Amino acid sequence: MDLRKKPLQGMRQLYPEDMRVDRYVLDALHSAGEAYGFEEFDAPVIEPLDLFLAKSGNELAVEQSYHFQDKSGRELILRPELTPSLARMVASAGELLWPVKWMSFPLCYRYERPQRGRAREFRQFNCDILGCDSLQAELEMFLLLRRSMEGLGVGDDIYEIAYSSRRLAAAALVASGFSEDEMLGAFHLVDRREKMPAEEWEEYVVEEVGDDDRSRALLRFARCRDVEDPWLEDAVGDTEAYEEIVELNRLLEEVGVAPAVFDASVVRGLDYYTGVVFEVADTGGRNRRALCGGGRYDDLVGLFGGKRISGVGFGLGMLTLRLFLESYDLIPQGVKESSPTTLFMTVMSDQQRGYALRLAEKLRSAGVSVEMDMSGRNLSRQFKLAGKRGVPLTAVVGPDEAASGTVGLKDMESSSQEEVKADELPDRVKAFCKDSDRDT
RNA sequence: GUGGGAGUAGUUCAGUUGGUAGAGCCCCUGACUGUGGAUCAGGUGGUCGCCGGUUCAAAUCCGGUCUCCCACCCCA
């Protein structure tokens with residue numbers, strides 16, 4: 001047996017210092033979700049392959065997934081995304097209060113070569129609103145995204161929420177002579193616009209579509225950055241899709257969602273999106289990939305029988321988000337370094353260990369996080385460890401303290417130390433915590 | 001699946017025309033048997049990714065292979 005020191009390619013392995021950063025980001029996102037009344041849920045990591053064949057698109061379900069047979073020969077898959085499982089849960093739940101507003105932080109899996117911002121195992125922040133047909137759902141998604149970014153200290157100037165609509169794109173393309181069958185292919189062409197230099201993309205489109213009015217229309221459409229673009233109004237001005245995007249644009253302006261911008265070239269890759277689609281992008285140019293992708297899906301829940309329920313949702317990649325935050329130095333200093341422990345209990349010798357342990361337990365009962373020396377090394381070494389751990393307080397117990405029923409309490413930052421009676425220790429420590437909270 | 005780059009100590013890296021490996025940081029110990037960050041001294045630590053070839057001799061040259069990173073495909 002040859003044991004590797006590394007985990008399988010692309011699999012997550014977070015050491016505590018990485019986990020602290022993840023926890024910080026997760027907590028911020030969770031709070032943002034709660035601010036809008038989203039409730040957390042979870043679903044299976046392993047699903048029947050069929051669940052994803054139906055709507056996610058063949059490439060994602062088959063070529064880019066971990067799928068396998070179990071011992072009874074069933075075709076299974078490690079979920080590449082969460083939405084189909086969510087749709088099933090909603091379809092099969094008995095009574096639900098509408099609209100359903102759920103969030104989740106699923107680990108998902110894709111079988112592809114890892115690169116910057118892409119791993120084979122990754123966590124995403126998923127939020128969905130189901131059972132709301134109006135644009136209020138889209139609006140709330142945008143607000144939630146903005147609040148999430150704000151909660152992580154991201155300014156409006158370095159990101160955007162770019163949105164468009166698949167219905168709009170379809171209407172524009174049909175008006176320009178494309179057939180329904182060509183639609184997904186045409187979406188794909190539009191989607192690639194940001195991935196290559198403008199001229200190269202134009203040549204590519206002409207090559208794929210032909211040098212005719214249709215390719216010129218597609219090129220023109222993808223360039224629209226304003227819902228009032230005359231070309232767009234002329235092509236699809238009389239359609240519901242156009243009215244919808246104008247209305248969304250109006251709502252966003254009315255509420256003042258500054259990062260939201262219309263961009264006709266946004267179509268997103270997942271096949272089940274039917275209406276408004278959106279993505280969060282870095283506008284500072286440091287991260288090429290979209291941080292988040294989402295949109296409205298009209299017939300996903302209906303696949304499971306019963307009534308058709310429309311939903312809007314997004315997936316936000318924790319890895320891309322973290323790279324984004326790091327590239328703008330937005331992870332607060334304390335997050336990576338800070339220890340979860342409040343106090344380090346040093347012990348002079350084993351004679352005082354019992355006394356020190358009782359003190360430590362008393363503190364823990366009072367809700368204070370305490371780490372106690374286990375090494376029996378000299379005080380100098382114990383303090384050195386406490387310092388390295390970044391613990392704000394240290395308690396010292398030696399023969400004198402044990403005899404007098406006291407403890408030395410030291411503030412590591414200021415190096416000041418005082419004698420405290422053992423009974424008063426919990427209150428003193430908690431008072432210290434309150435003070436330092438107020439400072440920060 | 002396609003293309004590019006890289007693998008030497010825990011880590012960042014150096015290593016000349018082939019002559020059997022070195023530095024900073026980290027870690028451990030001591031100066032310092034009741035107090036961390038500083039300083040000084042010492043110490044642990046390597047299958048030079050792996051296998052084969054050329055050679056008296058390979059981290060170095062050649063072939064193969066594995067792994068990681070970056071980009072493409074696709075997407076969070």
Side-chain angles (χ1 to χ4, degrees), chain A residues 2 4-11 15 29 52 56-65 79-83 104-127 145 188 191-192 194-196 267-271 273 277-281 287-295 313-324 337 344-349 351-352 373 375-402 407-417 419:
Chain A
D2 188 22
R4 298 166 32 117
K5 273 187 178 169
K6 289 175 180 167
L8 290 173
Q9 184 178 47
M11 294 296 151
Y15 285 90
L29 296 175
F52 295 91
S56 293
N58 203 55
E59 169 114 24
L60 181 58
V62 179
E63 284 158 50
Q64 308 233 89
S65 75
R79 64 181 174 203
E81 54 157 339
L82 184 71
T83 312
S104 194
F105 298 86
L107 279 176
C108 296
Y109 299 81
R110 292 187 190 172
Y111 195 83
E112 60 184 344
R113 291 273 284 270
Q115 57 188 294
R116 181 180 160 83
R118 298 289 115 145
R120 289 180 162 184
E121 178 182 51
F122 56 95
R123 195 180 288 285
Q124 45 177 59
F125 174 42
N126 250 262
C127 275
L145 281 170
H188 185 70
D191 195 35
R192 295 192 50 133
E194 299 296 328
K195 300 193 173 175
M196 52 183 93
V267 296
R268 302 308 308 160
L270 292 170
D271 290 352
Y273 290 133
V277 284
F278 54 91
E279 62 191 31
V280 172
N287 300 273
R288 203 153 273 234
R289 266 164 219 296
L291 301 176
C292 158
F314 66 79
L316 191 155
M318 295 290 295
L319 187 54
T320 36
L321 177 58
R322 182 173 173 165
L323 287 170
F324 174 81
E337 290 85 14
F344 190 99
M345 180 77 70
T346 64
V347 188
M348 277 288 296
S349 76
Q351 273 77 60
Q352 290 85 47
D373 171 72
S375 70
R377 292 188 290 190
N378 65 38
L379 272 193
S380 176
R381 299 288 163 201
Q382 296 184 37
F383 268 90
K384 196 167 183 170
L385 178 62
K388 289 233 165 84
R389 289 269 161 100
V391 177
L393 290 173
T394 323
V396 191
V397 171
D400 299 347
E401 286 82 1
V407 62
L409 184 61
K410 178 169 177 177
D411 178 336
M412 292 298 272
E413 203 186 338
S414 67
S415 283
S416 62
Q417 182 172 333
E419 222 40 27

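Note that the structure is predicted; figures quoted are calculated from it, not measured. So you know, we letter chains A, B, ... as the sequences are listed, proteins then strands, and number each from 1.
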Relative to the ring of A:Phe314, is the ring of A:Phe125 parallel (under 30°), tilted (30 to 60°) or perpendicular (over 60°)?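 A:Phe125 and A:Phe314: perpendicular rings.
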Side chain [X], main chain [Y], donor-acceptor under 3.5 Å:
X        : Y        : value
A:Asp411 : A:Glu413 : yes
A:Glu121 : A:Leu107 : no
A:Ser65  : A:Arg110 : no
A:Arg120 : A:Glu112 : yes
A:Gln124 : A:Pro106 : no

Base of [N], side chain of [X] - is there a donor-acceptor contact under 3.5 Å?
X        : N      : value
A:Glu401 : B:rG34 : yes
A:Thr346 : B:rG34 : no
A:Ser415 : B:rG36 : yes
A:Arg110 : B:rA76 : yes
A:Lys410 : B:rG36 : yes

Surrounding OH of A:Tyr111 (heavy atoms of other residues, nucleotides or ligands, distance under 6.0 Å), is the total greater than 12?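 No, because the 6.0 Å sphere around OH of A:Tyr111 holds 12 heavy atoms or fewer from other groups.
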Minimum-distance nucleotide to [X] side chain [options: [options]]:
X        : options                : answer
A:Thr320 : B:rC68, B:rG36, B:rA76 : B:rA76
A:Arg377 : B:rG36, B:rG34, B:rC28 : B:rC28
A:Arg289 : B:rC74, B:rG30, B:rA76 : B:rC74
A:Arg192 : B:rU29, B:rA76, B:rC73 : B:rC73
A:Arg116 : B:rC73, B:rU35, B:rC70 : B:rC70
A:His188 : B:rC68, B:rC74, B:rA76 : B:rC74

Any side-chain heavy-atom pair of A:Leu316 and A:Val280 under 4.5 Å: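 Heavy-atom side-chain distance check fails, nothing below 4.5 Å.
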Where do A:Phe383 and A:Val396 land on the side chain to side chain contact (heavy atoms under 4.5 Å, CB included) test, with the steps shown first? CA-CA 9 Å; A:Phe383 268 90; A:Val396 191; 3.5 Å; yes
If we take the [atom1] atom in both [N] and [M], what is their distance in whole Å?
N      : M      : atom1 : answer
B:rU20 : B:rC48 : P     : 14 Å
B:rC26 : B:rG34 : C1'   : 28 Å
B:rC62 : B:rG7  : P     : 14 Å
B:rC74 : B:rU2  : C1'   : 13 Å
B:rC70 : B:rU17 : C1'   : 34 Å
B:rG24 : B:rG43 : P     : 12 Å
B:rG18 : B:rC13 : P     : 25 Å
B:rA14 : B:rA59 : C1'   : 12 Å

Should [N] form a Watson-Crick or G-U wobble pair with both distances under 3.5 Å, which nucleotide is its partner?
N      : value
B:rU35 : none
B:rG3  : B:rC70
B:rU20 : none
B:rA9  : none
B:rG63 : B:rC51
B:rU44 : none

Take the protein atom [atom1] of [X] and the nucleotide atom [atom2] of [N], then report the distance between them rounded to whole Å.
X        : N      : atom1 : atom2 : answer
A:Phe278 : B:rA76 : CZ    : C1'   : 12 Å
A:Lys6   : B:rG7  : NZ    : C1'   : 8 Å
A:Leu379 : B:rC32 : CG    : C1'   : 12 Å
A:Tyr15  : B:rG10 : OH    : P     : 13 Å
A:Met412 : B:rG36 : CE    : P     : 9 Å
A:Asp191 : B:rC74 : CG    : P     : 8 Å
A:Asn287 : B:rA76 : CG    : P     : 16 Å
A:Lys384 : B:rC28 : NZ    : C1'   : 9 Å

Just checking [X]: base, sugar-phosphate only, or nothing, at a heavy-atom cut-off of under 4.0 Å?
X        : value
A:Asp400 : base
A:Ala395 : nothing
A:Arg113 : base
A:Leu385 : nothing

On the nucleotide [N], are OP1 or OP2 found under 4.0 Å from the side-chain N or O atoms that [X] carries?
X        : N      : result
A:Arg381 : B:rC28 : no
A:Ser380 : B:rC32 : no
A:Lys388 : B:rC27 : yes
A:Gln115 : B:rC72 : yes
A:Gln9   : B:rC68 : yes

Position toward the 5' end of RNA chain B (nearest nucleotide), A:Pro114 or A:Gln417: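 Mapping each residue to its closest nucleotide by heavy atoms, the 5'-most match is A:Gln417.
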Which is more 5' along RNA chain B, the nucleotide nearest A:Arg268 or the one nearest A:Gly398? Just name the residue.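 The residue whose closest nucleotide sits nearer the 5' end is A:Gly398.
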